[in-house]
Every structure is written in C-alpha cells, then in structure tokens.
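Residue numbers count from 1 along this sequence. Computation of the quantities below employed the complete heavy-atom set of this structure, encompassing side-chain atoms and omitting hydrogens, waters and symmetry-equivalent molecules.
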Amino acid sequence: MGEQQLQHRQAFDVSVDVPQHPGSKCFDDDGRLKRTGNVWTASAHIITAVIGSGVLSLAWATAQLGWVAGPPVMFLFSLVTYYTSTLLSACYRSGDPVTGKRNYTYMDAVRSNLGGLQVKICGTFQYLNLFGVAVGYTIASSISMMAIKRSNCFHKSGGEDPCHINSNPYMIAFGITEIIFSQIPDFDQLWWLSIVAAVMSFTYSTIGLGLGITKVAENGKFGGSLTGISVGTVTQTQKIWKSFQALGDIAFAYSYSIILIEIQDTVKSPPSEAKTMKKATLISVAVTTLFYMLCGCMGYAAFGDMSPGNLLTGFGFYNPYWLLDIANAAIVIHLIGAYQVYCQPLFAFIEKQAAQRFPDSQFITRDIRIPLPGSRYYNLNLFRLVWRTIFVIITTLISMLLPFFNDIAGLLGALGFWPLTVYYPVEMYIAQKRIPKWSTRWLCLQILSAACLIISIAAAAGSIAGVVLDLKSYKPFSTDY
C-alpha cells in the first residue's frame, strides 16, 4: 500500500498499525500528530454547537410554560447536560484516565464500555440525529435569509406589502455553500470556523436580548403570565401538546453530547483530556445558560403569550431593520459553521467504513495533492467530494419538503436528548467505574435516566402533533413566509 493510502487510512482507521513515537514532540501516545486543542478551542466548539438557532425559539418555549415552569426547566436542562457531559468526558479513555486507550468517537466509547448491540443502536441514534440537525440548520438559515429580505421589503413599503417569499432559493444557496465547506477534510481543521461561528452566535443572541430589553422598556411592563399561554387562546389539548413541544425545543437548544468525544479528541494533554473537557463544558454550559435565560425570559417579557416561534424572524420586531439584518446575517454565518461541526463526525464515520471495506480502491483512498498559495497544498479525495456533496443535496431536499423549524427542532431535541445526552453517558460511566447494581449511586443515576426518558417521550409526542398539524395546510416545495 502506498504512503499516501496509508496516511489516508490512518486518518480514519484506528485498527491500522500506527508507528509509535515515544517522547516525540510531533506525535501523541497513539502515534497521531500531536493534538493542539485547549480549554478555549474546546469551549468554542461547544458554544458553536450549543448556541445555535435553538436560542431563538426559547421565548416561544417560555411562553408555553410560563414564568413558573419556563426558567426552572431551562436551568434543569443545563444541569443535566453539564452533569452527563462530565460522565461522558470520563469515557474518552478506557481504563486509566491518563494513559488508557483513546476512544476517538462517541461510538468508539460505547464499543469500549458497553459493546455488542448497544454500539449499533447508539450509532443509529447518533447519525440520524446528526442528519436531522443538518436538515434543521438548513431550514433555520433559509428563514433568516428570508427575514433579511422581508425586513427590507417591510421598510421600503412602510408595512403595506405582505412581502411573501418562497424559501426554496435560500435553502439551495445554503446547500451550495455547505458543499464547498464540507470539503474541509476533518474536525481538527475546523477550529477557525468554530471561533467565527461562536462569535456570530454571541452577536445575534446579544441583539435578540437587546431588542427584548428595549421592547420591555417601551411597553413599560413585563409581559407574560405565571402559567404561560392561556386555555381559550388555545384549546386544552393544544396547550398540553405545545408545552410538551417546548420541552423538546429546550432540549434541542442544549444538544451537543453527540459530538463531545469528537471535540475531546482535538484536545492536547497533559492535563488529562477529561479535566480539560470538564472545564470547557462548565464554561460553555454556564455561558449558554446565561444567554438562554436572558434571551428566553426577555423575549417572553417583551411579547408575552404572543412570543413568535423565532425571535428574530417571526417579526416580533420590525425596527431597527438594519439591526435585524445584522442579527440574521450572523445567524446564517453561525449555521454554516455549526452544520460542519455537527456533520464532520458523520462524514468521518462513512469514510472510515468505506476505507476499511475497500482498502485497495483508488477512488476511496487516493488523495490528489493540489498546490495552494504559500507552499501549502490541499488533498482532494474523490470519494469525499462525491459522497459529501450527495449528503448536502439530500439534506437540502428534505429541508425543502419539511420546512417547519419549531416542530423539527422539538422532535430532534426529543429524539436525541435521552439516548445520547443521558442514557449512554450514564450506562458507560456505570460500566467504566464498575458501580454496583442497586447501590445508592446506581439507583440515583437510573432515576435520572428514567425521568429524562419520560421528558423525551412527552416532547416527541408534542412535536409530532405539531408536524401533523402543519402538514394539514402544506404543499410540498411551495412554502412561503
């Protein structure tokens, strides 16, 4: 096998015999190039993944639950996410936390700690969820692009023109952009995109928060009620379903555990990767929770029970229109980066499987070296080019078929929250630490898992009910806003 092919296989296939370099400054203990990530790059990756478009639906979610339940539920989700993330980060190495065998992906961690059928079940949940996030982000970005067009249209017409716009061209534009960015070979090379995306997420969250505070000041009072949107405005059944869907939206806003191990694999040691990730998780979950509380609560205080499903595109705000344009442009830039952060683990998995199954295929394993300015070069891989392009096209087409952001966000949050954020981290931690069955600690972990399962089932039911309602008045590929 040629040197180039071996390098390509080493990039994805941990079973290839990799030469060790004890004491080398260029290589880690597993023979791979030295990892350079730290607390801040890991935090940037997490913030990019967490403060996504989900933040904009939190005012709507708070409106469904009210002041009594909304903020406490958000805080509860943050605590659970932080705690289970620390359990998961302890599973990056099997055996010794400093020198044990590395698990490069979430599925590797499940394979090392639980094995058997659990690996396939976990993989199905993880990769379906990553695929779903790609669809959700395509929908969200197109809504923000249309919001820029609509806010300018409203401004020009003085609010007289309804400014209906078809979403398809904007989804296609986002898809074309992602085809280009998806050719970034792997997660390690995404750090700059993550930092740009993290800055953008703070930008639009801050603008949304600022506009909410301004609206509250303009109204001279806090809107909303203790129990949320009242029965009468909606039916009793709708109130129940929408409250459940709100749980899914909040869960979606916190979902990043599915890529935590992949982020951890970019971190240098010493100190141990688990220590670095615990710090990074604490920083990023604390920052995002503060933002979520402020955005969700101020948005609800500004608009009360009539809070829009998306704070910056539901036209809760009309002016200043230029500020809305900046916020929505920041959302689009952020989502371009977030799409890549979520999809890279899925890309890597498919490419690793293909390289293992067809090790002698030139199409799959051969890299074509293309010179770049400044004595650098880009390794073009034809399989990567073709398969990633097809993936982006499929996610774009599905987005055009199902453009219901809030319902899709709630459903994704519900489907990913219990199995990937709670169940597997808990079960792997129990297996790794050999926690005795029926001990106090074991019981507490199982009660946490069971409670989160109930929340996930309720959230999924609410979101499915929302999608069914949307489909009654929907025509494929012809959605206008």
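- Of all heavy-atom pairs between A246 and Q64, the closest is CB-CB, 3.9 Å.
- Remark: C122 SG to Y127 OH distance equals 8.0 Å, nearest 0.5 Å.
- For F383, the CZ atom counts as densely surrounded, since its 6.0 Å shell holds more than 12 non-hydrogen atoms of other residues, nucleotides or ligands.
- Between the T84 side chain and the T421 main chain, a donor and an acceptor come within less than 3.5 Å of each other.
- Closest approach of S112 to N103, counting heavy atoms only: OG-OD1, 2.6 Å.
- Residues V196 and I333 approach most closely at CG1-CG2, 4.0 Å, considering heavy atoms.
- Atom OH of Y106 is separated from atom CG of N129 by 10.0 Å, given to the nearest 0.5 angstrom.
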Step-by-step ring pair (Phe, Tyr, Trp, His ring centres under 6.0 Å) determination, F77 to F417: CA-CA 10 Å; F77 270 96; F417 178 68; 5.0 Å; yes
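- Looking at Q126 and Y424, their side chains never come closer than 4.5 Å, going by heavy atoms from C-beta outward.
- Shown here for T396 and G175, the closest heavy-atom pair between the two residues is OG1-CA, 3.7 Å.
- Checked by atom type and distance alone, the side chain of T276 never pairs as donor or acceptor with a backbone atom of V39 at under 3.5 Å.
- To the nearest 0.5 Å, atoms CE (M145) and CD1 (I331) are separated by 11.0 Å.
- For the residue pair F181 and Q340, the shortest heavy atom distance occurs at O-OE1, 3.5 Å.
- Here the side chains of T389 and Q183 are in contact, with some heavy-atom distance below 4.5 Å.
- Taking the side chain as every heavy atom from C-beta outward, L87 and M428 never approach each other to under 4.5 Å.
- In this structure, W418 CH2 and C452 SG are separated by 10.0 Å, a value rounded to the nearest 0.5 Å.
- Under the 4.5 Å side-chain criterion, counting only non-hydrogen atoms from C-beta, Y82 is in contact with T281.
- Taking all atoms of both residues into account, the shortest heavy-atom contact from L114 to A431 is CD2-CB, 4.1 Å.
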Pair Y83-T86, side chain to side chain contact (heavy atoms under 4.5 Å, CB included): steps then yes or no: CA-CA 5 Å; Y83 179 64; T86 60; 4.3 Å; yes
Criterion side chain to side chain contact (heavy atoms under 4.5 Å, CB included) on T203 and H334, from CA distance to verdict: CA-CA 10 Å; T203 302; H334 171 258; over 6 Å; no
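- Once rounded to the nearest 0.5 Å, the distance linking NZ of K352 with CE of M107 reads 8.0 Å.
- One distance of note links CZ of R102 with CG of D108; it measures 12.5 Å at 0.5 Å rounding.
- Proximity of Q264 to L88: side-chain heavy atoms (C-beta onward) are nowhere separated by under 4.5 Å.
- The distance between the ring centers of F391 and F347 falls below 6.0 angstrom.
- For A461, the side chain to side chain contact (heavy atoms under 4.5 Å, CB included) partners are W241, not counting sequence neighbours.
- Using a 4.5 Å heavy-atom cutoff, the side chains of R388 and Q344 are in contact.
- Side chain of T41 to main chain of N38: a donor-acceptor pair is present (N/O by atom type, distance under 3.5 Å, no hydrogens or angles).
- Two residues are said to be in side-chain contact when any heavy atoms from C-beta on lie closer than 4.5 Å; V332 and N328 fail this criterion.
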Side chain to side chain contact (heavy atoms under 4.5 Å, CB included) assessment of Y137 paired with I336: CA-CA 8 Å; Y137 281 1; I336 288 168; over 6 Å; no
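- With Y339 as reference, T395 is the one residue of T138, T395, T177 to meet the side chain to side chain donor-acceptor pair (under 3.5 Å) rule.
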CA sep, side-chain torsions, deciding dist, call: E273, R93, salt bridge (charged side-chain N to carboxylate O under 4.0 Å, His left out): CA-CA 9 Å; E273 298 87 357; R93 286 186 185 264; 2.9 Å; yes
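- Remark: aromatic rings of F363 and F358 are distant, center separation not under 6.0 Å.
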Criterion side chain to side chain contact (heavy atoms under 4.5 Å, CB included) on D265 and I261, from CA distance to verdict: CA-CA 6 Å; D265 192 42; I261 297 283; 5.6 Å; no
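- Taking 4.5 Å as the limit, every side-chain heavy atom of Y92 sits out of range of all side-chain heavy atoms of V267.
- There is no side-chain donor-acceptor pair under 3.5 Å between N113 and S94.
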